[in-house]
Amino acid sequence: HLPCFHKSTAAFAKEIDLIFMMNSVDSEKDEKKRRQEENNYFDESFDDDESFDDVEEFIARANDPAALAKERALFKQDERETTGTMSAEFGTDQSVEEPFEDVEEFLLKLEDKRESLNTSERNQNGDKQKKAVFPGAYRVSGVASRNDNTDDIELQRSYKDQEQFNKRQSPQDQEPVENKSSEEAIVAACVLSDPTEMISVGDLSSCSDSSGLDDSEEPKKRSKRKLIFFILLAIIVVIATGLGVGLSLRSGGGGDNDDEQLKNISPQQCEHAASEEISAVLKRCLCNEGLEDIQANHIIQYNTIKENFLESSILLDFDHNMTSCELPNIALHWLAEDSAKGGWFIDGNLSDRYALALFFLSMTNYTNPYEWTSRKGWMTENSVCGWFGITCDENREVIQISVPENGLKGRIPAELSLLSRLEHVDLSANSVTGLIPTELGLLTAATSITFQNNEIMGSIPTEFGYMTLLQTLDLGYNALLSGSIPTAIGSCTSLQTVDLQLGSLSGTIPTELCHLNKLESLQLSYNNQLKGSIPSDIGVCTSLREISVEGCKIAGSIPTELGQLLDLEIIRLHRNHLTGSIPSIIFYLPQLQELYLGFNQLNGSIPQTVGLNKTQLQVLSLDQNFLSESIPTELGLLSNLVIINVNNNRLKGSIPSQLGLISSLEKINVSKNVNMRGMIPEELAALSELKFFDFSKTAIEGTWP
């Protein structure tokens, strides 16, 4: 073991002895002999009480292999001169320096000689040896042999006193461990862990094992190991982030947004929530009181419901922490509170009660609490069948939710799909936001879905195709409803009404819609990215009563197959890019009441068959086209006609006097047909219901009769 430094030349000599011992490559016998000679030399050269200024400087210089080899040669020369013999390996003309008078001179010579050596000489002549450490100095270094043919050295500087040495021994002046080699780091770590313990070079392996460092590890291997570690760490972070995002999107009714929403509550709103007595847990979340100190009996109820009912049957992926204020978790807490009152025992299905509780929590504006116009019975211990807008069957299972215009505000929770018997859902004219959960496709018993006039965004789930009993799909007046119309809707063979108007739908009209032979109403108007043409398969929808595709980008001609829809009452193809002529077969439709073909690029004449539908047609709107020829006199046969609008075309001729026979007529607009001329017919004076007559920008003359 290397001893800690003591201020004596005897200790100094012993330390030099140990250094020489570790670096010797001679035989064991020669090494012992030389060590004894060197010990004698140093013992005679210094007094026991003599001290030197800076052991740290000494160690740094003493560890220089070139300097040590030089001083060893000098020592040998001195010995040979004293005995009168000279070794042949040095040469007979080699000059020999006198031994140093003191340690300071010895150390400074070592320092200067160390600076004069170059790297190539050390690599060529040096042999890597074990490294030694002097505890307390935190110095680790190697010793190597070198050639003895070196130049003389000059004294450069000296240390003044022991006080300077003590200052340099302070922790802030110690060299950082990480800048040393791997073996140096091992030894330094051992010294730092216990500075009072003496450490030998032979103990480095055991120290390495305990410190987790490998003194034989190459730098490239260490760098490669670090690189692999950071790559694996990055992969783990990416996976964890992805899992976190996936969990946050899993449910439409819960998540970080719910937690943030509950945090934006004022003290007044908190007091209001407390006065409502809906749920103690909800009140604690609203008032930021936390859920860490829930009573033991409540925890038992919570875990019982979660494990025995939810996790085992309906919510296999329920992973919310008990203390979280996410809405699905609050709903479960409410069930636990409710169980103490016996509320859920009176309902036929626990999942219905949970789903409706979460529906209420998700559809409540917490910054202006409980704006529902009516919420009678909601979140009470009473049966859900008595809650406002809820209808149950004979088995006390929920079959209808009807809360239109009731002040709802929030997202539709995916857990609404737990209402397995649900047939009708009407959330129209509220402030429902967010996406339509794809899980609603599980409502296979549903016959009516009405979400119109809300703030729903995103696309229509293709999963709606699973609802084969669906008769009404009303998602109209949701301006942010986007994407294409899913062809899967064609699987809903019971559909009678499809209302998707006033959205942001794109793509084309799926031909699959035309195969719904029970479809009565198709409303796609004012989806200004909807393009393509009207499918010719439209003639298959023999039950169709209304087709409304206004305000889109529909092009092509009007399909003659519309003439096959004998029950058709309303055709709205206003404001598109339709071309060609008006099919005369349309006026054969016996039930046709309204025909809107304005703001297109139609040409040709108004078919004379227009008068065939004598009693049904009420609105004829053909404005803003390229129609020519004259207005057919057969219009006079339409006894129930209310509106005639043919303005801004290329019509010519005069106003037919037969229009005076239509007693129900309220509006006539023939303006902006510059080629029309003649006099205003006197017969129009008989139109007692007429309220609007515009013949501006024509060549028609006369005054109102």
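Everything quoted here is computed from the prediction, not taken from an experiment.
- Contact of the I485 side chain with the L505 side chain is registered, since non-hydrogen atoms from C-beta on lie closer than 4.5 Å.
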Run the side chain to side chain contact (heavy atoms under 4.5 Å, CB included) check on T609 and I585 step by step: do they pass?
CA-CA 8 Å; T609 55; I585 193 173; over 6 Å; no
Evaluate S525 against S548 for side chain to side chain donor-acceptor pair (under 3.5 Å), listing each step before the verdict.
CA-CA 6 Å; S525 296; S548 179; 2.5 Å; yes
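- In this structure, W372 has its ring center under 6.0 Å from that of F360.
- A side-chain donor-acceptor contact under 3.5 Å links D623 and S621.
- C392-C385 SG separation is under 2.5 Å; the pair is scored as a disulfide.
- Across every non-hydrogen atom of L516 and G490, the tightest pair is CD2-O, 3.5 Å.
- A side-chain donor-acceptor contact under 3.5 Å links Y354 to the backbone of P328.
- With D426 contributing its side chain and S402 its backbone, the two residues share no donor-acceptor pair below 3.5 Å.
- Geometric assessment of K667 against the ring of F692 yields a positive cation-pi assignment under the 6.0 Å and 45° thresholds.
- G507 and L530 make their closest contact through O-CD1, 3.4 Å (heavy atoms, listed as atom of the first residue, atom of the second, distance).
- Between P461 and F464 there is a side-chain heavy-atom pair separated by less than 4.5 Å.
- Checked against the 6.0 Å centroid threshold, F693 and F695 count as a close aromatic pair.
- Using a distance-only test at 3.5 Å, with no hydrogens or angles considered, no donor-acceptor pair links the side chain of D393 to the main chain of I399.
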Would C285 and C325 count as a disulfide bond (SG atoms under 2.5 Å apart) here? Give the steps.
CA-CA 6 Å; C285 286; C325 282; 2.1 Å; yes
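- The side chain to side chain donor-acceptor pair (under 3.5 Å) contacts involving residues 673-691 comprise nothing, where partners must be two or more places apart or lie in separate chains.
- Considering only heavy atoms from C-beta on, T487 stays 4.5 Å or farther from I489 through its side chain.
- Pairs passing the side chain to side chain donor-acceptor pair (under 3.5 Å) check and including a residue from residues 451-465, sequence neighbours excluded, do not occur.
- Between the side chain of N647 and the backbone N or O of S671, no donor-acceptor pair lies under 3.5 Å.
- Inspection of the N648 and Q624 side chains reveals an N or O donor paired with an N or O acceptor under 3.5 Å.
- In terms of the side chain to side chain contact (heavy atoms under 4.5 Å, CB included) criterion, residue partners of Q601 (sequence neighbours excluded) are, by chain and number, H577, T579, F626.
- In this structure, the side chain of S664 engages the main chain of L641 through a donor-acceptor pair within 3.5 Å.
- Not a single ring pair (Phe, Tyr, Trp, His ring centres under 6.0 Å) links F451 to another residue, sequence neighbours left out.
- With values rounded to the nearest 0.5 angstrom, R650 atom CZ is found 16.0 Å from M676 atom CE.
- Looking only at side-chain heavy atoms (C-beta outward), I547 and V549 come within less than 4.5 Å of each other.
- Between H574 and Y596, the angle of the ring planes goes over 60°, which puts this pair in the perpendicular group of the 30/60° scheme.
- Contact annotation: the side chain of I538 approaches that of L562 to within less than 4.5 Å [non-hydrogen atoms, C-beta and beyond].
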Start with the C-alpha distance between R572 and I570, add both sets of side-chain angles, then the distance that settles side chain to side chain contact (heavy atoms under 4.5 Å, CB included), and finish with yes or no.
CA-CA 6 Å; R572 295 178 181 268; I570 300 173; 3.6 Å; yes
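- Note that CE of M467 is 8.5 Å distant from CG of L495, once rounded to the nearest 0.5 Å.
- Judged by a 6.0 Å distance limit and a 45° cone about the ring axis, R575 is positioned over the six-membered ring of F599.
- When all heavy atoms are compared, the tightest approach of L659 to L665 is O-CD2, 4.3 Å.
- Of the possible donor and acceptor atoms, one in the side chain of S543 sits under 3.5 Å from a partner among the backbone N and O of N517.
- Considering only residues two or more places apart in sequence or on other chains, H424 meets the ring pair (Phe, Tyr, Trp, His ring centres under 6.0 Å) condition with none of them.
- Pairs passing the side chain to side chain donor-acceptor pair (under 3.5 Å) check and including a residue from residues 630-645, sequence neighbours excluded, do not occur.
- Residue Q564 holds its CD atom at 9.5 Å from OG of S536, rounded to the nearest 0.5 Å.
- Annotation for Q591: atom CD counts as buried by contact number, over 12 foreign heavy atoms lying within 6.0 Å.
- Sparse packing is recorded around CZ of R421, with 12 or fewer heavy atoms of other residues, nucleotides or ligands lying under 6.0 Å away.
- Under the 3.5 Å distance criterion, the side-chain polar atoms of N478 are left unmatched by any main-chain donor or acceptor of G503.
- In terms of modelled atom types and a separation under 3.5 Å, the side chain of N600 and the main chain of L578 share a donor-acceptor contact.
- Residue M363 comes nearest to V432 through the heavy atom pair CE-CG1, 3.9 Å, listed as atom of the first residue, atom of the second, then distance.
- Judged purely by atom type and a 3.5 angstrom limit, N406 has no side-chain atom pairing as donor or acceptor with the backbone of P404.
- T373 and G407 make their closest contact through OG1-N, 4.1 Å (heavy atoms, listed as atom of the first residue, atom of the second, distance).
- In this structure, S417 contributes its side chain and A414 its backbone to a donor-acceptor pair below 3.5 Å.
- The shortest distance between side-chain heavy atoms of I449 and T472 does not fall below 4.5 Å.
- Note that CD of E550 and CG of N576 are 8.5 Å apart. Values are rounded to the nearest 0.5 Å.
- No side-chain heavy atom of V646 sits less than 4.5 Å from a side-chain heavy atom of L627.
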Would you sort out whether I456 and T433 count as a side chain to side chain contact (heavy atoms under 4.5 Å, CB included), showing the intermediate values?
CA-CA 5 Å; I456 293 173; T433 61; over 6 Å; no
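- Taking OG of S663 as the start and CG of L687 as the end, the distance is 8.0 Å to the nearest 0.5 Å.
- Put simply, the side chain of I558 does not reach to within 4.5 Å of the side chain of I534, judged on heavy atoms.
- The line from OG1 of T444 to CD of E423 is 10.5 Å long, rounded to the nearest 0.5 Å.
- Shown here for E397 and D352, the closest heavy-atom pair between the two residues is CA-OD2, 3.7 Å.
- Side-chain contact annotation: S521 with Q523, donor-acceptor N/O pair under 3.5 Å present.
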Apply side chain to side chain contact (heavy atoms under 4.5 Å, CB included) to L661 and L637, showing your working.
CA-CA 8 Å; L661 301 175; L637 301 175; over 6 Å; no
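- Dense packing is recorded around CZ of F587, with more than 12 heavy atoms of other residues, nucleotides or ligands lying under 6.0 Å away.
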